[in-house]
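As the structure is a computational prediction, the values presented were derived from the model and not from experiment. Just so you know, these numbers use all the heavy atoms, side chains as well, and skip hydrogens, waters and symmetry mates.
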Amino acid sequence: DLRGRMYRDRRLMQPQETTEFLRRQKVANVGTVDAHGRPYVVPLVYIYEGGDLLYLHTGDHQGHFLTNVQNNPQICVEVSEIGDLHRGKPYACNSALVYTSVVVFAPVRILQGPESREKKQWFLDQLLTKYGQPDWTFEPGYPLIDRIILYEQKIEVVTGKHSSGL
C-alpha cells in the first residue's frame with residue numbers, strides 16, 4: 001500500500017500545516033474508478049473543519065461520480081496550490097516549481113435518510129460561509145435540499161507536501 005508514502009521526506013508537511021491547508025482550499029479534485037477500472041476525476045467544492053471527516057456534494061443525478069462510488073466507495077481527494085516556477089540553470093530541467101498539495105485517501109459514504117437533512121443544512125451553511133460574501137442575505141431554509149447528495153469521507157490516510165522551489 002503506497003498511500004501516504006513519500007519519496008522526498010523533506011517536502012512532507014507537518015500534520016497541523018496539512019490540516020490548515022486542507023481547510024483553506026476551495027476546490028478538491030476527487031478521483032474515483034468505474035466498474036471497468038477506468039479513472040474519473042472531478043473538481044468538487046468541499047467542507048473540511050479538521051478532524052477525520054471531509055464532506056463533498058453533487059447534484060441528485062446518477063452521474064459518473066455517484067455511479068462510481070456506489071460501485072467502489074474508495075476515493076482520493078487532492079487539493080493544491082501552484083506557485084512560481086524557479087528558473088534552473090544551466091538546463092530547463094533544473095527548474096523547480098513552488099507548490100503545496102494535500103492528498104486524502106478513504107472510502108466515502110452517501111448520507112441518506114431523514115438524518116441527512118440536518119447534515120445537508122449544516123453543509124450548505126458552511127458552503128455559504130466558505131464561498132459566499134459576508135453581506136449576502138437569503139430567505140430562510142433550503143427548499144431544494146433534497147436535490148443534493150452529501151458524501152462523508154472518514155479520512156484514513158492524509159499527506160501534505162510542499163516545495164519551496166530552488
Quick test of your reading: applying salt bridge (Lys or Arg N to Asp or Glu O under 4.0 Å), list the pairs with at least one residue in [range], sequence neighbours left out, ordered by first then second residue.
range: residues 42-69; answer: D52-K154
range: residues 67-87; answer: none
range: residues 119-129; answer: none
range: residues 137-152; answer: R109-E152, R117-D146

What heavy-atom pair brings [X] and [Y] nearest, and what distance separates the two atoms?
X: N29; Y: P43; result: OD1-CB, 3.9 Å
X: G113; Y: S116; result: O-OG, 2.6 Å
X: F123; Y: H57; result: CE2-ND1, 3.4 Å

Report yes if some heavy atom in the side chain of [X] is under 4.5 Å from a heavy atom in the side chain of [Y]; otherwise report no.
X: Q153; Y: V104; result: yes
X: L111; Y: Y55; result: yes
X: I47; Y: W122; result: yes
X: T58; Y: Y151; result: yes
X: Y46; Y: Q25; result: yes
X: L124; Y: I148; result: yes
X: I110; Y: Q70; result: yes
X: F65; Y: L44; result: yes

>> For I75 and L56: C-alpha separation, side-chain torsions, deciding distance, then whether side chain to side chain contact (heavy atoms under 4.5 Å, CB included) applies.
In response: CA-CA 11 Å; I75 67 170; L56 308 154; 3.9 Å; yes
Sequence neighbours left out, what passes side chain to side chain contact (heavy atoms under 4.5 Å, CB included) with [X]? Give chain and number order.
X: P73; value: P107
X: R38; value: D34, H36
X: V33; value: none
X: E118; value: none

>> Working note: V79 + V27, criterion side chain to side chain contact (heavy atoms under 4.5 Å, CB included); need CA distance, chi angles, decisive distance, verdict.
In response: CA-CA 7 Å; V79 297; V27 177; over 6 Å; no
> Got a sec: does the NE2 of H86 have more than 12 other heavy atoms crowding it under 6.0 Å?
Replying inline: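 Yes - once you tally the heavy atoms of other residues, nucleotides and ligands closer than 6.0 Å, there are more than 12.
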> Given C76 and V103, is the side chain to side chain contact (heavy atoms under 4.5 Å, CB included) satisfied, shown in steps?
Replying inline: CA-CA 7 Å; C76 179; V103 178; 3.5 Å; yes
Same cluster or not: are [X] and [Y] linked, directly or through other Ile, Leu, Val, Met, Phe, Trp or Tyr residues, by side-chain heavy atoms under 4.5 angstrom apart?
X: V45; Y: V108; result: yes
X: V77; Y: F105; result: no
X: L128; Y: L144; result: no

> Do side-chain atoms of Y48 reach the backbone of L53 as a donor and acceptor pair under 3.5 angstrom?
Replying inline: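 Not at all, since once roles are kept as given, no pair shorter than 3.5 Å links the two residues.
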> Side chain of T67, backbone of H64: donor and acceptor closer than 3.5 Å?
Replying inline: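 Not a single qualifying donor-acceptor pair exists.
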> Say you draw a straight line from NE2 of H61 to CD1 of I149; how long is it, rounded to the nearest 0.5 Å?
Replying inline: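 Rounded to the nearest 0.5 Å, the NE2-CD1 separation comes out at 7.5 Å.
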>> Checking one residue: Y99. Which other hydrophobic residues are in its cluster under the side-chain 4.5 Å linking rule?
In response: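 Result for Y99 is I82, L85, L97.
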> side chain to side chain donor-acceptor pair (under 3.5 Å): which pairs involve residues 88-97, sequence neighbours left out?
Replying inline: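 Found none.
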> Yes or no on side chain to side chain contact (heavy atoms under 4.5 Å, CB included) for T32 and N72, after CA distance, side-chain angles and deciding distance?
Replying inline: CA-CA 8 Å; T32 63; N72 179 354; over 6 Å; no
>> Against M13, only a single residue in V158, T159, T100 fulfils side chain to side chain contact (heavy atoms under 4.5 Å, CB included); can you say which?
In response: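 Considering V158, T159, T100, a side chain to side chain contact (heavy atoms under 4.5 Å, CB included) with M13 is found only for T100.
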> Considering residues at least two apart in sequence or located in another chain, which fulfil the salt bridge (charged side-chain N to carboxylate O under 4.0 Å, His left out) criterion with D135?
Replying inline: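 With neighbours one apart ignored, the set is empty.
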Contacts table for residues 14-24: side-chain donor-acceptor under 3.5 angstrom, sequence neighbours left out:
residue	atom	partner	partner atom	Å
E17	OE1	Q14	N	2.8
T18	OG1	Q14	O	3.1
T19	OG1	P15	O	3.1

